[in-house]
Every structure is written in structure tokens, then in C-alpha cells.
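Quick caveat, the model's predicted, so the values are computed rather than measured.
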Amino acid sequence: MPVPPSGEAGRGARAFAELMTLPIPATAAPAATLLDFVFGEIWQRPGLSRRDRWFIALPCLAAADTEEPLREHIYAALHSGDVTIDEMREAVLHFAVYSGWPKASLFNMIVDEQWQRIHTERGEPVPPPTPLLPLTTPSDPESRLLAGEQAFRDVNCLPYVPTRDDPYSGAGILNFVFGEMWLRPGLGMKQRRLITVACVAFQDAPYPILSHVYAALKSRDVSFDEIDEAALQFGAYYGWPKASRLIDVIEEQKQRVTQEWAEEGNA
């Protein structure tokens with residue numbers, strides 16, 4: 001398809017090309033209208049950084065099984081330098097925990113493919129990956145579970161922990177999810193929270209939506225303005241019906257944490 005000169009392209013097409021580090025696409029209505037809204041408006045809003053918006057968009061695309069848009073977005077996030085390869089790989093792992101390994105396997109495959117593409121285009125060899133070992137988390141089983149219990153409290157802003165003596169909560173939640181994944185240094189806490197909120201929202205997971213929105217706000221890792229923008233970014237990438245549920249939960253949890261902060265200030 002011929003690419004129009006930049007002067008003829010709409011603002012959405014120009015914004016798409018700038019964000020995605022790709023040629024300006026030739027578009028006609030209604031695609032041009034969608035580009036204007038998603039790339040010319042949503043991505044340009046100031047309430048959430050462009051870098052942080054990737055951590056909403058990418059899990060939505062991976063969950064939706066949209067290979068070509070996922071490929072383009074992974075390429076753009078890495079090629080622009082907004083997301084490092086280590087952060088991208090940690091994002092895949094985090095997504096795998098909250099959305100499942102089968103979908104994450106495709107996500108991971110495309111990350112490797114696009115990282116190779118970027119270096120091929122640059123005429124450079126792909127650098128070796130960051131070594132896995134030594135792990136920064138405890139290897140001793142008891143220490144690992146203790147670390148997982150503390151991380152569970154810290155991440156969820158809760159005073160209690162689940163039982164150890166159950167494969168799901170002990171080996172899974174405490175040992176791996178909180179004893180390993182949430183403690184890994186390759187991705188910031190805000191970015192992990194944004195990925196998690198997106199994942200629980202598109203899965204309509206009633207209690208996890210509530211608990212993870214609450215924890216993101218109560219911890220102050222994500223501000224009220226940022227969570228509103230995250231919901232808008234989510235709606236652009238996964239649709240209004242699921243976003244409307246997320247927005248309702250956000251409003252409920254804003255009221256809850258505001259009341260708790262007031263009570264804590266008066267204690």
C-alpha cells in the first residue's frame with residue numbers, strides 16, 4: 001500500500017509512526033478515526049508516561065492473541081528505548097503468572113524475534129541475555145517462604161498471608177509468585193502493578209480486580225491520576241465493556257483508600 005507524504009497524513013497516522021517507529025500508514029475511515037483516537041489522543045495524554053502506557057498496552061495485546069499488532073508494539077517499545085529488553089522479558093514472566101503460560105509463550109517468542117530484528121537492522125549481533133544466576137531471592141526453602149509471606153503482605157497491603165500447606169497457595173503463591181516473581185529486580189513496582197491491573201481486568205477476575213487496584217493505590221505506587229489514565233489506556237486496547245468495570249472498581253477503591261488514609265492520619 002502506498003504511504004502518503006507526511007503532510008497528507010492525519011494526526012493519528014503521524015502519531016502512530018512516531019510512537020511505533022514505523023512508516024506513516026496510509027489509512028482511510030474508519031481506521032483513520034481509530035488512529036486519531038488511540039495514537040493521536042490517548043497516547044499523548046499527560047496523566048501517565050508513554051513508558052508506563054506500554055505496560056498496559058502490551059499485556060492487552062498478548063491476551064487478545066493479536067500477533068501482528070503485538071509484534072509491532074514489542075518492536076516499537078524496544079526500538080524506541082522506552083522499554084529495555086530485561087524489562088520486556090520480566091514483563092513476559094509477570095504476564096505469564098497473571099494470564100497463563102500458553103499466551104505468554106507467544107509473547108516471549110515475539111520478543112525474541114523482534115529483538116533479533118532490531119539488531120539485524122542495526123547490523124549488530126544480539127547481545128547475550130542477562131544471566132539468571134545467582135538469583136537475588138533466597139534459595140533456602142524456609143527463607144524463601146518467609147520472604148514470600150512478607151512480599152505478599154507488602155504487595156497486597158494486607159496484614160495476613162495464605163496457608164503454606166496447600167500446593168496453590170504455598171508452592172505457587174508464596175514460593176514463586178511472591179517469593180520470586182514480585183521480588184525480581186528487572187522491573188519496577190509501578191510497572192508490575194500496571195501489568196497486573198490490566199491482566200485481572202481483562203479476565204474479569206472479581207476479587208483480584210478489587211484487591212490489585214486497592215493495593216496499587218494504597219501503596220501509592222500508582223497515583224489516582226495514573227490509575228485513571230491506565231483505565232483509559234486499557235479501554236483503548238481491550239474495549240469499553242471491560243474498561244467500564246475497571247473504572248467502577250477504581251472509583252470504589254479510591255474512596256476506600258482515601259478513608260483509610262484519613263483514619264490512619266487521625267490514629
Side-chain angles (χ1 to χ4, degrees), residues 4 6 9-83 87-88 91 94-95 99 107 110 114 188 190-204 209 212-213 216-217 221-251 253-254:
S6 60
R11 65 184 178 91
R14 295 193 301 272
F16 173 92
E18 189 277 330
L19 176 76
M20 304 298 286
T21 68
L22 293 169
I24 293 175
T27 55
T33 302
L34 288 172
L35 287 178
D36 285 348
F37 176 64
V38 176
F39 295 95
E41 182 174 340
I42 300 298
W43 276 93
Q44 310 305 316
R45 290 173 59 87
L48 190 66
S49 72
R50 188 174 92 166
R51 165 179 155 75
D52 286 337
R53 289 181 184 276
W54 289 113
F55 295 99
I56 297 291
L58 289 167
C60 288
L61 290 162
D65 301 315
T66 53
E67 282 195 43
E68 193 54 34
L70 178 59
R71 184 170 286 110
E72 290 179 346
H73 281 69
I74 289 171
Y75 174 85
L78 293 171
H79 187 234
S80 65
D82 286 345
V83 181
E87 289 172 329
M88 185 69 78
H94 203 101
F95 173 86
S99 293
F107 191 177
I110 295 176
Q114 295 307 300
K190 177 191 286 188
Q191 290 72 44
R192 290 192 183 278
R193 290 200 184 277
L194 292 173
I195 294 168
T196 306
V197 167
C199 290
V200 296
F202 58 60
Q203 293 187 88
D204 297 315
I209 295 176
H212 283 290
V213 169
L217 296 175
D221 289 329
V222 181
S223 72
F224 282 15
D225 287 345
E226 288 172 328
I227 201 76
D228 287 343
E229 285 297 321
L232 185 58
Q233 183 84 1
F234 175 85
Y237 276 83
Y238 216 84
W240 170 249
K242 289 181 183 286
S244 65
R245 166 62 177 151
L246 176 59
I247 289 168
D248 287 344
V249 173
I250 286 170
E251 291 307 309
Q253 298 312 305
K254 282 181 182 177

Inset, instruction - May I ask you to decide whether Glu67 forms a salt bridge with Arg71, counting only side-chain N to carboxylate O separations under 4.0 Å? - result: yes
Inset, instruction - Quick one: pull up CG in Leu194 and NE2 in His94 and give me the separation to the nearest 0.5 Å. - result: 9.5 Å
Inset, instruction - Would you sort out whether Glu87 and Arg51 count as a salt bridge (Lys or Arg N to Asp or Glu O under 4.0 Å), showing the intermediate values? - result: CA-CA 11 Å; Glu87 289 172 329; Arg51 165 179 155 75; 2.8 Å; yes
Inset, instruction - Give the C-alpha distance, both sets of side-chain angles, the deciding distance and a yes or no for side chain to side chain contact (heavy atoms under 4.5 Å, CB included) between Arg50 and Leu19. - result: CA-CA 9 Å; Arg50 188 174 92 166; Leu19 176 76; 3.5 Å; yes
Inset, instruction - Look up atom CD1 in Ile110 and atom CG in Leu70, then write down how far apart they are to the nearest 0.5 Å. - result: 4.5 Å
Inset, instruction - Please answer whether the main-chain N or O of Pro69 pairs with a side-chain N or O of Thr66 as donor and acceptor at a distance below 3.5 Å. - result: no
Inset, instruction - Could you check if a side-chain atom of Met20 sits within less than 4.5 angstrom of a side-chain atom of Phe39, using non-hydrogen atoms only? - result: yes
Inset, instruction - Identify the heavy atoms of Ala15 and Gln44 that sit nearest to each other, and give their distance. - result: CB-NE2, 3.8 Å
Legend entry - Exam field: side chain Glu226 to backbone Ser223, donor-acceptor pair closer than 3.5 Å: yes
Inset, instruction - May I ask you to test the Ile195-Ile56 pair for a side-chain heavy-atom distance under 4.5 Å? - result: no
Inset, instruction - Please lay out, stage by stage, how Asp36 and Thr33 fare under the test side chain to side chain donor-acceptor pair (under 3.5 Å). - result: CA-CA 5 Å; Asp36 285 348; Thr33 302; 5.5 Å; no
Inset, instruction - Identify the heavy atoms of Ala76 and Trp54 that sit nearest to each other, and give their distance. - result: CB-CH2, 3.6 Å
Legend entry - Side-chain touch Ile24/Phe16, heavy atoms, less than 4.5 angstrom: no
Inset, instruction - Kindly compute the distance separating CG (Leu48) from CH2 (Trp43), expressed to the nearest 0.5 Å. - result: 9.0 Å
Inset, instruction - Answer yes or no: is there a side-chain heavy-atom contact under 4.5 Å between Arg45 and Gln233? - result: no
Legend entry - Phe202 to Pro59 - nearest heavy-atom pair and separation: CE2-O, 3.5 Å
Legend entry - Side chain His79, main chain Tyr75, donor-acceptor under 3.5 Å: no
Inset, instruction - Rounded to the nearest 0.5 Å, what's the gap from CG on Leu217 to CD1 on Ile250? Could you check? - result: 7.5 Å
Legend entry - Heavy-atom closest pair, residues Phe234 and Ala201: CZ-CB, 3.6 Å
Legend entry - Salt-bridge present (Lys254, Asp228; N to O < 4.0 Å): yes
Inset, instruction - Check the pair Ile42 / Glu229 against side chain to side chain contact (heavy atoms under 4.5 Å, CB included), numbers first and verdict last. - result: CA-CA 9 Å; Ile42 300 298; Glu229 285 297 321; 5.7 Å; no
Inset, instruction - Would you give the length of the straight line joining atom NE2 of His73 to atom CD of Gln114, rounded to the nearest 0.5 angstrom? - result: 12.5 Å
Inset, instruction - Can you measure from CD (Gln203) to SG (Cys199) and round to the nearest 0.5 angstrom? - result: 6.5 Å
Inset, instruction - Determine whether Ile247 and Ser244 make a side-chain contact, defined as any pair of heavy atoms from C-beta on separated by less than 4.5 Å. - result: no
Legend entry - Side-chain heavy atoms of Tyr237 within contact of Val38, under 4.5 Å: yes
Legend entry - Over all atoms of both residues, closest heavy-atom pair of Leu246 and Ile209: CD1-CG2, 4.4 Å
Inset, instruction - Take Arg193 and Asp221 through the test salt bridge (Lys or Arg N to Asp or Glu O under 4.0 Å) and record every step on the way to the result. - result: CA-CA 8 Å; Arg193 290 200 184 277; Asp221 289 329; 2.7 Å; yes
Legend entry - Test item: Val83 and Phe55 side chains (from C-beta on) under 4.5 Å apart, heavy atoms: yes
Inset, instruction - Would you check if Met88 and Phe107 make a side-chain contact, meaning some heavy-atom pair closer than 4.5 Å? - result: yes
Inset, instruction - I would like to know whether Asp204 and Arg245 meet salt bridge (Lys or Arg N to Asp or Glu O under 4.0 Å); could you show each step before the answer? - result: CA-CA 8 Å; Asp204 297 315; Arg245 166 62 177 151; over 6 Å; no
